Number of protein chains: 2
Amino acid sequence: MEAASDTMRSGDVEIRASDGLVLVAGKAVAMSVREYRLLTALVARQGRIVSREELYRLAWDASLRRGDRSVDVYVHKLRVKLEEALPGRAFIHTHFGFGYRFAPEPSRAFHNSETDR
Amino acid sequence: MEAASDTMRSGDVEIRASDGLVLVAGKAVAMSVREYRLLTALVARQGRIVSREELYRLAWDASLRRGDRSVDVYVHKLRVKLEEALPGRAFIHTHFGFGYRFAPEPSRAFHNSETDR
DNA sequence: CCGCGCCGTTCACGGGTTGTTCACGACGGC
DNA sequence: GCCGTCGTGAACAACCCGTGAACGGCGCGG
């Protein structure tokens with residue numbers, strides 16, 4: 001019941017590195033190798049914008065080639081799985097021209113700042 | 001030896017180490033030596049993903065050689081026996097590229113109005 | 001000694017998943 | 001409006017896994 005140092009948390013998302021297991025709201029969510037590594041890279045930098053180049057380096061162990069859309073495709077896959085496991089919450093946010101940012105937030109904010117960047 | 005409780009439980013699966021006995025939903029299920037050791041290894045780590053290498057080390061007392069499918073074959077045998085003893089429940093889950101995870105969960109029957117052709 | 005049945009290992013054939021790429025449309029900035 | 005960026009479904013090959021079956025070893029009873 002230990003596993004505190006090798007466990008990353010962010011809201012209801014928990015990643016146990018020792019088990020390669022991803023828990024969302026307490027339930028195990030099956031991830032492929034790429035999905036797992038990309039999610040790990042995003043959560044490890046939660047709250048900050050991470051460029052595609054860096055995400056690719058972290059999850060693919062290679063440098064992103066021009067025109068490669070792999071990161072976009074896998075961000076989409078992660079969004080689908082996370083949304084399915086915990087509807088009504090947005091985890092991965094797009095920052096146009098910069099990259100992606102992981103942060104557990106309600107998917108619909110009311111009268112709040114839409115000018116964030 | 002092990003002075004702790006020699007009985008492991010997980011849902012409706014009970015393993016009595018002192019007797020080498022496996023009970024599923026109260027009924028005794030006959031297991032071979034390999035099946036018993038593999039099941040024990042899985043239940044001892046229930047809820048976590050266990051790699052084939054680790055399972056092989058625990059149940060075979062040797063290191064898994066490349067291309068060896070023994071773990072897969074015995075996971076299949078366990079699934080058959082567990083499913084036979086308690087239909088409609090999934091115990092051993094496959095994590096593609098990672099390994100197997102033991103957890104008593106209802107087998108997927110949440111989809112409706114889509115089949116029938 | 002001989003046949004029989006159980007067990008463990010290995011092989012082989014699909015079938016299911018994954019990872020990559022393409023294509024097209026929606027979106028955002030200028 | 002124009003163009004680059006992003007979302008998303010689909011096609012494809014490569015790979016991983018499920019599964020039945022063949023093979024040999026071992027123990028047992030006749």
Side-chain angles (χ1 to χ4, degrees), chain A residues 20 22 28-42 49-84 90-102 107 114-117, chain B residues 20 22 29-42 49-84 90-102 107-108 111 115:
Chain A
V22 176
V29 176
M31 293 282 173
S32 76
V33 176
R34 286 275 180 263
E35 291 166 355
Y36 177 81
R37 296 188 60 175
L38 178 59
L39 179 61
T40 301
L42 281 166
I49 300 178
V50 192
S51 68
R52 286 176 173 72
E53 287 75 14
E54 186 170 358
L55 288 174
Y56 196 86
R57 243 180 288 121
L58 291 167
W60 274 259
D61 283 329
S63 55
L64 185 63
R65 288 156 305 172
R66 195 176 113 65
D68 194 331
R69 304 287 309 283
S70 300
V71 175
D72 300 65
V73 172
Y74 271 83
V75 163
H76 172 56
K77 292 184 178 184
L78 284 180
R79 287 210 255 235
V80 169
K81 288 196 174 182
L82 292 175
E83 170 69 20
E84 185 179 338
F91 289 98
I92 305 178
H93 310 276
T94 304
H95 287 258
F96 205 95
F98 291 92
Y100 295 100
R101 176 178 57 92
F102 189 96
S107 48
E114 305 149 324
T115 60
D116 62 324
R117 178 168 307 176
Chain B
V22 176
V29 176
M31 294 280 174
S32 76
V33 176
R34 285 277 181 261
E35 291 166 356
Y36 177 81
R37 296 188 60 177
L38 178 58
L39 179 62
T40 302
L42 281 166
I49 300 177
V50 192
S51 68
R52 286 177 173 71
E53 287 74 14
E54 187 170 357
L55 288 174
Y56 197 85
R57 242 180 289 121
L58 292 166
W60 274 260
D61 283 328
S63 54
L64 184 63
R65 289 157 304 172
R66 197 176 104 67
D68 195 331
R69 304 287 307 283
S70 301
V71 176
D72 301 64
V73 172
Y74 271 83
V75 164
H76 173 56
K77 292 183 179 184
L78 284 179
R79 288 211 255 235
V80 170
K81 289 195 174 181
L82 292 176
E83 169 70 19
E84 185 179 337
F91 289 99
I92 306 177
H93 310 274
T94 304
H95 284 258
F96 214 95
F98 290 94
Y100 295 100
R101 175 177 57 93
F102 189 96
S107 48
R108 37 192 40 261
H111 241 67
T115 54

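These numbers come from a predicted model, not from an experiment. Values reported hereafter were calculated over all heavy atoms of this structure, with side chains retained and with hydrogens, waters and symmetry mates removed. A, B, ... follow the sequence lines: proteins, then strands. Residue 1 opens every chain.
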### Query
Hey, what do you get for CD1 (A:I92) to NE2 (A:H76), rounding to the nearest 0.5 Å?
11.0 Å

### Task
Rounded to the nearest angstrom, tell me the gap between atom CZ in A:R101 and atom P in D:dC6.
15 Å

### Query
When the distance from CD of B:E35 to P of C:dT9 is rounded to whole Å, what number comes out?
11 Å

### Message
Nearest to the side chain of B:T94, heavy atoms from C-beta on, is which of C:dT10, C:dT21, D:dC17?
### Response
D:dC17

### Query
Between A:R69 and A:R34, which is nearer to the 5' end of DNA chain C once each is assigned its nearest nucleotide?
A:R34

### Flag side-chain contact, heavy atom, 4.5 Å: B:W60 against B:V71
yes

### Query
In terms of the nearest nucleotide of DNA chain C, which residue is placed more toward the 5' end: A:R65 or B:M31?
B:M31

### Task
Describe the nucleic acid contact of B:V75 in one word from base, sugar-phosphate, nothing, applying a heavy-atom distance below 4.0 Å.
nothing

### Summary
Rounded to the nearest 0.5 Å, the CD atom of B:E83 sits from the CG atom of B:L78 at a distance of 13.0 Å

#### Entry: Side-chain N or O of B:W60 closer than 4.0 Å to phosphate OP1/OP2 of C:dG8
no

### Query
Going by an N to O cut-off under 4.0 Å, is there a salt bridge joining A:R52 and A:D68?
no

#### Entry: Nearest-Å distance for atom pair CZ/C1', residues B:R52 and D:dC15
12 Å

### Query
For D:dG18, does OP1 or OP2 lie under 4.0 Å from any side-chain N or O of B:H76?
no

### Message
For C:dG8 and B:S32 - does any side-chain N or O of the residue sit under 4.0 Å from the phosphate oxygens OP1/OP2?
### Response
yes

### Whole-Å distance separating the OH atom of A:Y100 from the P atom of D:dC6
6 Å

#### Entry: Whole-Å distance separating the CZ atom of B:F96 from the P atom of C:dG15
16 Å

### Between D:dC6 (C1') and A:L64 (CG): distance, integer Å
14 Å

### Query
Could you give the CG-to-P distance, from A:D68 to C:dC22, as a whole number of Å?
9 Å

### Query
At under 4.0 Å between heavy atoms, what does B:G67 touch on the DNA or RNA strands: base, sugar-phosphate, or nothing?
nothing

### Query
Rounded to whole angstroms, how far apart are CG on B:D61 and P on C:dG8?
14 Å

### B:K77 or A:V73, whichever maps to the more 5' nucleotide of DNA chain D
A:V73

### Query
Measuring from A:T94:OG1 to A:R101:CZ, what's the distance to the nearest 0.5 Å?
10.0 Å

### Task
May I ask you to evaluate whether B:Y74 reaches the phosphate of D:dC17, defined as a side-chain N or O under 4.0 Å from OP1 or OP2?
no

